[in-house]
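Here's the structure, in C-alpha cells; my notes come after.
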Protein chains: 2
Amino acid sequence: MTASATQTSPRKRAGNGAARRIDADEIGLDALVGHAGYAVRRFQIWIFQDFIKTLGEVDIRPTQYSVLTVIGANPGLSQMAVAKRLGIERARLVHLLDSLEQRKLVKRIKSKLDRRSHALHLTAQGETALAKFKRLAAEHERHVEEKIGKANREQLLQILAGFT
Amino acid sequence: MTASATQTSPRKRAGNGAARRIDADEIGLDALVGHAGYAVRRFQIWIFQDFIKTLGEVDIRPTQYSVLTVIGANPGLSQMAVAKRLGIERARLVHLLDSLEQRKLVKRIKSKLDRRSHALHLTAQGETALAKFKRLAAEHERHVEEKIGKANREQLLQILAGFT
DNA sequence: GACAATTGTTGTCGTCAACAACAATCTTCC
DNA sequence: GGAAGATTGTTGTTGACGACAACAATTGTC
C-alpha cells in the first residue's frame, strides 16, 4: 500500500495501518464545528427521538402531530392547503391521512364547492385524542428546555421563527 | 379543549363541507409555533437543500461531507469510531464508504493491530477534493448567514454546541 | 365548448434511522 | 490453553420521509 504521506496538517499522524486506540471524544470534527447545519441536524435527531419516545404511548410521530394540530385549528382545509402549509408533499399527505383516518382521528369530507378536494376535519375522538397529544407534546417541550435551557430555547424559537 | 385557535379570522365555520378558499399564509399553526422541534425541522430541511445545491457541482451530500472531514482530520480511524463520533449507524457507514471509496476519495486499509477493523484514510485525490468541498461548504455557510443573520447564526452554534 | 390548471391518488426512486443476523476476530476469564 | 462473550464490518429488512412523474376527475379560463 502506498503510504502517501499526508501533508495537510492532520492532528494525528497515522502512517497507514491503525495507530492506537482512540477515544470517541478526542476525535476532532475540524470544519464541522463551524457548520450550523451539522449542529442543527444532530439537535433535530435528538429532539425527534425524544418526541417519538414521549408520545410513544399514543403512537404519534412528529409529522402526524403537525397534521392533526393544523387540521384541529383550521377545520375544513383541503389536503393541498395542509400540505403547502406544512411543507409536506401532497403525495405523502395521502398516506398520512389514510393512517389517521383509519385510526378514526380524522375524516375526509367531500367538498361541495370543489368536488375535487376533501375538507379535512377531526373526529370527536380525534379532538379528545389531540388534547392528550398536546399535553404529551408539552411534556416533550419541557425536556427540550431541560436540555438546552429555558432562555436558549426561546432564543432558538425566535431565531428560527421565519421558517415556520 | 382548544378548538378556537386563530383569532385572525373569527368564523372558520365549516360544518362538514368546505367553507371558502383559504390562503396558505392565513392558516394558523396553533401549538406548533411553540415547538422548537417544528422550527428546527423546517430549518434543517432548508439548510440541507442549500448545502446539496451549493455542493451540487461536486455531488457531495452533507453526510458524505461530514465523513470526509472527520477522516481527513483524524486519519487511521476505524469505521466504528467514525460512526460513533458522527452518530451514524455503522451499517449505514458501510455504504457511504463504499461510495466514497469507489470515487477514489477514501481508502480502507486493513489494520494490523486489530484485523477486524479498517483504518480509514483519504487518498491524495481525496485530500485535494476535500479542500474544494470545504470552500463550497463555506460558501453554503455564508448563505445561512444571509438567511438568519450573522449574529443569530453564531448564537445558534453556541446554543447547539452540546450536540456536536 | 376546447384547453389548461388544480386536486387527490398511485407509483417509483433514493436517503436515512433502526434492527437483526452473521463471520471473522479480539478479549476475558477459568 | 481454551471456551465463552464481546466487538467489527457486512448484509439484509423495515419503515419514515422528500422528490418526481403520471393519471383521472374536476374546475377555471378563454
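It should be emphasised that the depicted structure is a prediction, and the values quoted were computed from it without experimental measurement. Just so we're on the same page: letters track the sequence lines, and every chain starts at 1. We use all heavy atoms of the structure for the numbers below, so side chains are in, but hydrogens, waters and symmetry mates are not.
Although no hydrogens or angles enter the test, the distance criterion places a donor-acceptor pair under 3.5 Å between the side chain of N74(A) and the main chain of G28(B).
Within the structure, salt bridge (Lys or Arg N to Asp or Glu O under 4.0 Å) pairs that include any residue of residues 147-162 of chain A comprise E141(A)-R153(A), E145(A)-R153(A) (at least two apart or interchain).
The separation between H95(B) atom NE2 and dA17(C) atom C1' is 12 Å, rounded to whole Å. Atom CD1 in I52(A) sits about 12 Å away from atom P in dA17(C), given to the nearest Å. When rounded to the nearest whole Å, the span between CZ of R90(A) and C1' of dA21(D) equals 10 Å. Atoms CZ (F48(A)) and C1' (dA16(D)) sit 11 Å apart, rounded to a whole Å. To the nearest angstrom, C1' of dT10(D) lies 14 Å from CG of L96(B). Between E101(A) atom CD and dT9(C) atom C1' the separation is 13 Å, expressed in whole Å. If you take CG of D98(A) and P of dG8(C), they are 13 Å apart, rounded to a whole angstrom. K53(A) places its NZ atom 17 Å from the C1' atom of dA17(C), with the value rounded to the nearest Å.
Y38(A) and R42(A) share a side-chain donor-acceptor pair at under 3.5 Å. Using modelled atom types and a 3.5 Å distance limit, the side chains of R103(A) and Q125(A) yield no donor-acceptor pair. Side-chain atoms of Q64(A) and R61(A) include no donor-acceptor pair closer than 3.5 Å.
When distances are taken from the side chain of M80(A) to each of dT7(C), dG9(D), dC19(C), the shortest belongs to dT7(C). The D114(A) side chain lies nearest to dT27(D) when the options are dT27(D), dT8(D), dG18(D). Out of dG11(C), dA18(C), dT10(D), the shortest distance to the side chain of E89(B) is found at dA18(C). Closest to the side chain of H118(B), from the set dG9(D), dA20(C), dG8(C), is dG9(D).
Sequence order on DNA chain C of the closest nucleotides to L97(A) and I88(B) puts L97(A) first from the 5' end.
Contacts with DNA chain C (heavy atom under 4.0 Å) in residues 39-47 of chain A: R41(A), I45(A), listed by number. Scanning residues 54-63 of chain B for heavy-atom distances under 4.0 Å to DNA chain D yields an empty list.
In the interface, the side chain of R116(B) is paired with the base of dT7(D) through a donor and an acceptor atom under 3.5 Å apart.
Counting any heavy atom pair closer than 4.0 Å across all strands shown, Q79(A) reaches sugar-phosphate atoms only and no base atom. Using a 4.0 Å heavy-atom cutoff across all strands shown, Q64(A) reaches no nucleic acid atom at all. R115(B) comes within 4.0 angstrom of the backbone, heavy atoms only, and of no base. Counting non-hydrogen atoms under 4.0 angstrom, R92(B) reaches the backbone sugars and phosphates but no base.
Under 4.0 Å is where a charged nitrogen must lie from a carboxylate oxygen, and between E101(A) and K107(A) no such pair does.
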Dump the intermediate steps for ring-ring contact (aromatic ring centres under 6.0 Å, His included) on F43(A) and F163(B), then the final yes or no. CA-CA 6 Å; F43(A) 180 52; F163(B) 291 89; 4.8 Å; yes
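A heavy-atom distance below 4.5 Å is found between the side chains of E57(B) and L136(B). Looking at V82(A) and I88(A), their side chains never come closer than 4.5 Å, going by heavy atoms from C-beta outward.
Using cut-offs of 30° and 60° on the angle between ring planes, the pair H140(A) and H143(A) is perpendicular.
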